[in-house]
Amino acid sequence: MKAHLTELLGVAAKSLNADSTGTAAGELNIQLERPKNPDHGDFSTNLAMLLAKPLRQNPRAIAEKLAAALPASEFVARVEIAGAGFINFYLSPDAKQAVVRQIQQAGEQYGHHLTGAGRKLQIEFVSANPTGPLHVGHGRGAAVGDCLARLMSANGWKVTREFYYNDAGAQIDNLTKSVQSRCLGIGPDHPDFPEDGYRGEYIADIAEAYMAKQTVIADDMNYAASGDPHNAESIRHFAVAYLRHEQDLDLKAFQIRFDVFSLESALYTSGKVESTVQALVESGHTYEQDDALWLRTTGFGDDKDRVMRKREGGYTYFVPDVAYHLDKWRRGFSRVINEQGADHHSTITRVRAGLQALDVGIPQGWPEYVLHQMVTVMRGGEEVKISKRAGSYVTLRDLIEEVGCDATRYFLAARRADSQLVFDIDLARAQTNDNPVYYIQYAHARICSVLNQWGGNHHVLKSADLSPLQAEHEAALMQRLTEFPEVVHNAAEELAPHMVANYLKDLASDLHSYYNAEQFLVEDETLKLARMALISATRQVLRNGLDLLGVSAPEKM
RNA sequence: CUGCCCGUAGCUCAAUCGGAUAGAGCACCAGCCUUCUAAGCUGGGGGUUACAGGUUCGAUUCCUGUCGGGCAGGCCA
């Protein structure tokens, strides 16, 4: 429909251009929008305002001419000029009702697009260090990343979901020492406990399991504890495996799945870190200074150069990151999106700089990033401080158990990623209408209930006469249904899954209003079938939308 | 001190890549269940979109500055 109207406007603009000064109207970016106010029609364009400047004419006068030059269309009931020069289109009832047919035909594919054309896209998210259970911040990353993955799939991309484990480096040494101390009976209060050690009770659990010579099985590794408190290597392997196992359980509870788990340690053992360093040295963008090896990241937009190899010999964290991303590129991901906490935003410049320095044809803006801001957790009206090292903690699994998977996902994904989020546990766990996710699910359950009571064959709805759908709430609902594909498209373009959540709230609102204003199961058979077709289509869109969020669509509540 | 993100109703948040009278929910007030699920609906009050300028037909949106909050600025990740 949008394309159709754009075409009409294009014809009109062309005819207008012919008898004017001949400015380049061909390059006009014709914008059609859906007015918030139904009085302003079903579609609206600001074309006349855009033409005002080049044509040096009053926008309203241009709008009049454009409207007069519009070819007739069976889908357009009437056209009006309003405000400063808006051209408003009012669609014919037929055109509005057509969306029900589209939904019936497309089913669970309704709203999906082929934009990605099956191209490979990797989304890396969560990527928590195996130094503790997942907390609310990881939960936000998990919810946003998972929705993004679903969104991009719905837009035709072949998505790989990937989790990167930093299982090497200083923080793992720290973890190892913390567990080892516990094995030796040294607690966080003891003077010999590592100063920056991990103080949480879970460290004691790991130590206990280790001393009991348990075997842990994680996603792609398992390890049997030696039980020797002086064997640091054994403790390291065991602790990492143990926490990976815990994180697997966290993810499972949140119903998040990954296709690939990548390990930082594997980048070392496979020689990829070393070869990347080699390539960087050969690129000429490195230099030695103060017994360290530096990368000249200032040549790629950084404000200072960065150390690659420390004085004591080890590499800094961004070196394996560069190696990792080079590997992603070599695996054929022409598009990569990294979802991560904004507290790591300083790595972006460094990773991209390293990739540019390698000069292997990687585009400047590759990979893309979606950063989410901090989550503040409130409980009993007070902020719960999250500190992994201090051990005060709101784990994701606790949250899911308290609040429920659906509500937790919705709360964490329904807001713009780049603004801070307040997660009020008391509010979210209250199973009342304070919870927007129930509002949406309730709309779905209501429709299911009505359709069950109708009890008819859904096949007849495909040939139902839709012309009785003329009521105000019906027009509003159908209009909303036509917006869904645009929402799916825009949300993917802007990497903003929260747009889907907001849309669903609006759609549910339209349905509830309709439900209260009109009786669906009426005597008039034609009207009843038309309404069954409409609410059935609405249910389909609710399902499709909830599926993008990874939230269930219950038939009863 | 420098960079990035944010600042919208009392609270939590929207606002379709510059559009028409800035919208929801919660809270507050007043109504709607002998009829398809009241986890719902209808109406009401509540705003100088932090502040000051600028760009133009038009700014919550873009630019500059100020204030306030968050995060970074390690040879930690």
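In this text the structure is predicted, and so the values were computed from the model without any measurement. In what follows, every heavy atom counts, from backbone to side chain, and hydrogens, waters and symmetry copies are set aside. Lettering follows sequence order; numbering is per chain, from 1.
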S.K.: Under 4.0 Å between any heavy atoms, over every strand shown, what does Asp291(A) touch: base, sugar-phosphate, or nothing? Just pick one.
M.R.: nothing
S.K.: Take atom CD of Glu523(A) as the centre, draw a 6.0 Å sphere, and report whether it contains more than 12 heavy atoms from other residues, nucleotides or ligands.
M.R.: no
S.K.: Determine the Euclidean distance between corresponding P atoms of C63(B) and G3(B); express it in Å to zero decimal places.
M.R.: 15 Å
S.K.: For G19(B), is there a stacking contact with Phe86(A), counting only centres under 5.5 Å and planes under 30°?
M.R.: no
S.K.: Looking at Arg531(A), does any N or O in its side chain come under 4.0 Å of the phosphate oxygens OP1/OP2 on C36(B)?
M.R.: no
S.K.: Compare the minimum distances between each of C36(B), C71(B), C13(B) and the side chain of His345(A), then state the nucleotide with the smallest one.
M.R.: C71(B)
S.K.: Can you find a side chain N or O atom of Lys36(A) that sits less than 4.0 Å from OP1 or OP2 on G19(B)?
M.R.: no
S.K.: Please tell me whether Glu483(A) and Tyr503(A) have a donor and an acceptor in their side chains that are separated by less than 3.5 angstrom.
M.R.: no
S.K.: Starting the side chain at C-beta, find the nucleotide from A20(B), C75(B), C36(B) nearest to Arg311(A).
M.R.: C75(B)
S.K.: State which of C5(B), G69(B), U12(B) makes the closest approach to the side chain of Val422(A).
M.R.: U12(B)
S.K.: For Asn516(A) and G43(B), give me the distance from atom CG to atom P, rounded to whole Å.
M.R.: 12 Å
S.K.: Ignoring backbone atoms, test whether Tyr439(A) places a side-chain nitrogen or oxygen under 4.0 Å from the OP1 or OP2 oxygen of C41(B).
M.R.: yes
S.K.: Verify the stacking flag for His40(A) against A20(B): centroid separation must be under 5.5 angstrom and the ring planes must differ by under 30 degrees.
M.R.: yes
S.K.: Among U35(B), C5(B), C13(B), which nucleotide has an atom closest to any side-chain atom of Asp418(A)?
M.R.: C5(B)
S.K.: On a whole-Å scale, what distance lies between the C1' atoms belonging to U42(B) and G7(B)?
M.R.: 34 Å
S.K.: In terms of side-chain heavy atoms of Met374(A), which of C36(B), C6(B), G70(B) is nearest?
M.R.: G70(B)
S.K.: Which nucleotide in the set C36(B), G69(B), A72(B) lies at the smallest distance from any side-chain heavy atom of Asp343(A)?
M.R.: A72(B)
S.K.: When the C1' atoms of G69(B) and G31(B) are compared, how many Å lie between them, rounded to an integer?
M.R.: 41 Å
S.K.: Within this structure, what is the CG-CD distance for the pair Asp343(A) and Gln373(A), rounded to the nearest 0.5 Å?
M.R.: 9.0 Å
S.K.: Side chains of Ser552(A) and Asp406(A) only: does a donor on one sit below 3.5 Å from an acceptor on the other?
M.R.: yes
S.K.: Looking at Ser44(A) and A20(B), is any side-chain donor or acceptor paired with a base atom of the opposite kind under 3.5 Å?
M.R.: yes
S.K.: Testing the 3.5 Å rule here: is there a donor-acceptor pair between the side chains of Ser536(A) and Gln540(A)?
M.R.: no
S.K.: Using whole Å, what does the distance between atom C1' of nucleotide C4(B) and atom CD of Gln373(A) come to?
M.R.: 9 Å
S.K.: Nearest of U16(B), C75(B), A39(B) to any side-chain atom of Asp290(A)?
M.R.: C75(B)
S.K.: Establish, with yes or no, whether the OP1 or OP2 oxygen of A38(B) is under 4.0 angstrom from a side-chain nitrogen or oxygen of Tyr515(A).
M.R.: yes
S.K.: Please walk me through it: do Asn338(A) and Lys328(A) pass side chain to side chain donor-acceptor pair (under 3.5 Å)?
M.R.: CA-CA 11 Å; Asn338(A) 291 334; Lys328(A) 288 186 183 183; 3.0 Å; yes
S.K.: Take atom C1' in G25(B) and the same atom in U8(B), then report the distance between them in whole Å.
M.R.: 15 Å
S.K.: Compare the minimum distances between each of A14(B), C75(B), U21(B) and the side chain of Asn502(A), then state the nucleotide with the smallest one.
M.R.: A14(B)
S.K.: Decide whether Gln171(A) and Asn166(A) meet the rule of one side-chain donor and one side-chain acceptor closer than 3.5 Å.
M.R.: no
S.K.: Need one value for Glu264(A): base, sugar-phosphate or nothing, where a base atom within 4.0 Å counts as base even if backbone is also close, heavy atoms only.
M.R.: nothing
S.K.: If I take atom NE2 in residue His473(A) and atom C1' in nucleotide G40(B), what distance separates them, rounded to the nearest angstrom?
M.R.: 13 Å
S.K.: Please give the distance between the P atoms of C29(B) and C5(B) as a whole number of Å.
M.R.: 42 Å
S.K.: Looking at His498(A), I'd like to know whether one of its side-chain N or O atoms comes within less than 4.0 Å of OP1 or OP2 on A15(B).
M.R.: yes
S.K.: Has Arg416(A) got a side-chain N or O lying under 4.0 Å from the OP1 or OP2 atom of C6(B)?
M.R.: yes
S.K.: Whole-Å distance between C36(B) P and Arg446(A) CZ?
M.R.: 10 Å
S.K.: Reckon Leu371(A) touches a base, only the sugar-phosphate, or nothing at all at heavy-atom distances under 4.0 Å?
M.R.: nothing
S.K.: Round to the nearest Å and state the distance from Asn37(A) atom CG to U16(B) atom P.
M.R.: 16 Å
S.K.: Whether Ser513(A) contacts U42(B) is assessed here as follows: a side-chain N or O lying under 4.0 Å from the phosphate OP1 or OP2. Is that the case?
M.R.: yes
S.K.: For Tyr369(A) and His325(A), take the angle between the two ring planes, folded into 0 to 90°, and tell me which bin it lands in: parallel under 30, tilted 30 to 60, perpendicular over 60.
M.R.: tilted
S.K.: Let me know the distance between NZ of Lys505(A) and P of G25(B), rounded to the nearest Å.
M.R.: 9 Å
S.K.: In dot-bracket form, how is RNA chain B paired, counting a Watson-Crick or G-U wobble pair only if both its distances are under 3.5 Å and using | for bases paired to another strand?
M.R.: (((((((..((((.....[...)))).(((((.......))))).....(((((..]....))))))))))))....
S.K.: How far does the C1' atom of C32(B) sit from the matching atom of C71(B), given to the nearest Å?
M.R.: 49 Å
S.K.: Would you mind reading off the distance between His512(A) atom NE2 and C41(B) atom C1', rounded to a whole angstrom?
M.R.: 10 Å
S.K.: Among U12(B), A20(B), C75(B), find the nucleotide with the atom closest to the side chain of Arg415(A).
M.R.: U12(B)
S.K.: For a quick check under 3.5 Å, do Tyr514(A) and Glu474(A) share a side-chain donor-acceptor pair by atom type?
M.R.: yes
S.K.: Would you indicate what Gln441(A) reaches in the nucleic acid, counting non-hydrogen atoms under 4.0 angstrom: base, sugar-phosphate, or nothing?
M.R.: nothing
S.K.: Under 4.0 Å between any heavy atoms, over every strand shown, what does Gln340(A) touch: base, sugar-phosphate, or nothing? Just pick one.
M.R.: nothing
S.K.: Can you tell me if CD on Glu312(A) sees more than 12 non-hydrogen neighbours from other groups inside 6.0 Å?
M.R.: yes
